[in-house]
2 protein chains.
Amino acid sequence: MSNNQFRKGELYSFITGKASVAIARRLQKNFKEAGVEATVEQWSILYHLWKEDGRSQQQLCDATFRDKPSVTRLVDNLEKNKLVKRVGDKKDRRINLIYLTPEGRRMEEEAMRVANQTLNEALAGVSEKNIDLAKVVLQKVYDNLQGML
Amino acid sequence: MSNNQFRKGELYSFITGKASVAIARRLQKNFKEAGVEATVEQWSILYHLWKEDGRSQQQLCDATFRDKPSVTRLVDNLEKNKLVKRVGDKKDRRINLIYLTPEGRRMEEEAMRVANQTLNEALAGVSEKNIDLAKVVLQKVYDNLQGML
DNA sequence: TTGTATTAGTTGCATAAACAACCGTATGAG
DNA sequence: CTCATACGGTTGTTTATGCAACTAATACAA
């Protein structure tokens, strides 16, 4: 069955995902330099709220590929830093809707500018075509692994 | 300078690296099912020791893209689980050389089998050519970000 | 209507990461 | 030789993840 033997080093690189670790580290550093007071993980939650405010924690789980405890605690920290606020859903009292505070909304422009700049640094010298191809491969990997749960 | 505007969702996917997170989660699950008693992070250290035993912690930092405290604590846990042993270097007393225990050595075959199988699951249906291309893109991303430190 | 299953969210515990500050050892210039 | 500097490793603190167990609220079937 192992018709797919990997060349030396390939296995390790794919599994450890050093490229995405490097991007996250750089984004964190760039946030700090730009005075954006949030972690990359917190940014990933804010990112989805900027697109559509007032999502439930469960929706944020699905959007960010995290489990429920992770989102609970990210929201805890975002709330502590006064960037979002939990509001109980009136129709279904199990649900927390997460809303941006004015400070949370204010952060969007600069944070997204830094995120785009960081991705430009990361992808410098890579053609559009190859970016698309890598994207397709990574999406396929993700789909392969999701499907088998 | 933002000649490289990203399509919707692309920025988020690249930065959060969901594919490599998914691979790591699957590998952890497969380890568990196969009775391999180690975390993916611990495996990443063992992987390099299986290739060459008796490396220093600093060498393991370089090999695994981790900082010194991270490796210190991974080695702490590996030592606690009796998979490796710290041995002081005789020539330079600052250095710890990390050696596999018999149990650590015994784990290699099964762990590498599971790792290869996991990568096969992840890359099912992706052509050799596209795997290579994705690899090149990810390496370029890594190099871009390393260079600018 | 009652009782069971499902859903949303939280808490506890172990592991890991980043960053800064620190200690002991080695090195090399003067 | 001595002292500043660099190097290898450890510790403390904060943040985040995964898993399992749990609570509260809802849905739904009998």
Side-chain angles (χ1 to χ4, degrees), chain A residues 16-18 20-33 37-46 55-81 83-84 86-98 145 149, chain B residues 16-18 20-33 37-45 55-81 83-84 86-98 149:
Chain A
T16 55
K18 63 177 182 170
S20 53
V21 170
I23 292 182
R25 284 206 273 240
R26 171 58 55 89
L27 179 58
Q28 190 66 69
K29 191 182 153 217
N30 287 350
F31 275 163
K32 196 172 185 182
E33 283 173 10
E37 300 266 352
T39 66
V40 172
E41 294 82 6
Q42 291 170 6
W43 168 82
S44 77
I45 298 283
L46 294 172
R55 302 199 192 201
S56 72
Q57 292 186 201
Q58 184 58 55
Q59 288 175 315
L60 291 171
C61 289
D62 299 338
T64 62
F65 324 111
R66 288 185 171 84
D67 68 355
K68 292 189 292 176
S70 294
V71 170
T72 292
R73 279 146 180 158
L74 286 176
V75 172
D76 285 348
N77 283 332
L78 285 165
E79 216 171 18
K80 203 169 63 186
N81 300 344
L83 294 169
V84 307
R86 281 181 171 93
V87 177
D89 186 312
K90 265 144 194 128
K91 307 203 165 142
D92 186 338
R93 293 190 316 175
R94 293 172 298 182
I95 295 177
N96 289 335
L97 298 175
I98 313 300
L145 297 176
L149 291 179
Chain B
T16 56
K18 63 177 181 171
S20 53
V21 171
I23 292 182
R25 284 206 273 240
R26 171 59 55 91
L27 179 58
Q28 189 66 70
K29 190 183 153 218
N30 288 351
F31 275 164
K32 197 173 184 178
E33 282 172 13
E37 300 265 353
T39 66
V40 172
E41 293 81 6
Q42 289 169 8
W43 168 83
S44 78
I45 298 283
R55 302 198 190 201
S56 72
Q57 293 186 200
Q58 184 58 55
Q59 289 175 314
L60 291 171
C61 290
D62 299 338
T64 62
F65 323 112
R66 287 183 172 86
D67 67 356
K68 293 187 292 175
S70 295
V71 169
T72 292
R73 278 145 181 160
L74 286 176
V75 172
D76 285 348
N77 283 333
L78 285 166
E79 216 171 17
K80 203 169 64 186
N81 301 344
L83 295 169
V84 307
R86 281 181 170 94
V87 177
D89 186 311
K90 265 146 194 128
K91 307 204 168 142
D92 185 339
R93 292 191 316 174
R94 292 171 302 181
I95 296 177
N96 288 335
L97 299 175
I98 313 300
L149 292 177

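As the structure is a computational prediction, the values presented were derived from the model and not from experiment.
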Any side-chain to backbone donor/acceptor pair from [X] onto [Y]? Under 3.5 Å, distance only.
X       : Y       : answer
B:Asn81 : B:Leu83 : no
A:Gln28 : A:Ala38 : yes
B:Thr64 : B:Leu60 : yes

For atom [atom1] of [X] and atom [atom2] of [N], their distance in whole Å:
X       : N      : atom1 : atom2 : value
A:Lys90 : D:dT26 : NZ    : C1'   : 19 Å
A:Arg25 : C:dA16 : CZ    : C1'   : 13 Å
A:Glu41 : D:dT14 : CD    : P     : 17 Å
B:Lys32 : C:dT15 : NZ    : P     : 13 Å
A:Asp76 : D:dA16 : CG    : C1'   : 12 Å
B:Asp92 : C:dT27 : CG    : P     : 6 Å
A:Lys68 : C:dT6  : NZ    : P     : 13 Å
A:Leu97 : C:dG9  : CG    : C1'   : 13 Å

For [N], take OP1 and OP2 only and decide whether either is under 4.0 Å from a side-chain N or O of [X].
X       : N      : value
B:Lys80 : C:dT15 : yes
A:Lys91 : C:dA8  : no
A:Arg93 : D:dA24 : no
A:Gln58 : C:dA8  : yes
A:Gln57 : C:dT10 : yes
A:Arg73 : D:dT15 : no

Query raised in the report: Nearest nucleotide by nearest heavy atom, which residue falls closer to the 5' end of DNA chain C, A:Val71 or B:Leu74?
Result: A:Val71
Report task. Please determine if B:Lys91 and B:Asp89 form a salt bridge, counting it only when a charged side-chain N lies under 4.0 Å from a carboxylate O. Result ->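 Result for this pair is no, no salt bridge flagged.
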Closest listed nucleotide, where the reference is the side chain of [X] and the choices are [options]:
X       : options                : value
B:Asp67 : C:dA16, D:dG9, C:dC19  : C:dC19
B:Ser70 : D:dT10, C:dA18, C:dT10 : C:dA18
B:Arg94 : C:dT25, C:dA16, C:dA17 : C:dT25

Requested in this report: For B:Thr72, report the nucleic acid contact type (base, sugar-phosphate, nothing); a contact means any heavy atom under 4.0 Å.
Outcome: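 Answer is base: heavy atoms of B:Thr72 come under 4.0 Å of a base.
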Query raised in the report: At under 4.0 Å between heavy atoms, what does B:Asn77 touch on the DNA or RNA strands: base, sugar-phosphate, or nothing?
Result: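 Result for B:Asn77 = sugar-phosphate.
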Requested in this report: May I have the step-by-step check of salt bridge (charged side-chain N to carboxylate O under 4.0 Å, His left out) for A:Asp67 and A:Arg73, ending in yes or no?
Outcome: CA-CA 10 Å; A:Asp67 68 355; A:Arg73 279 146 180 158; over 6 Å; no
Query raised in the report: If you round to the nearest 0.5 Å, how far is CD1 of B:Ile98 from CD of B:Gln59?
Result: 10.0 Å
Query - Residue whose closest nucleotide on DNA chain D lies nearer the 5' end, A:Asn81 versus B:Gln28 - result: A:Asn81
**Report entry** Donor-acceptor pair present, B:Arg55 side chain and D:dG8 base, under 3.5 Å
**Finding:** no
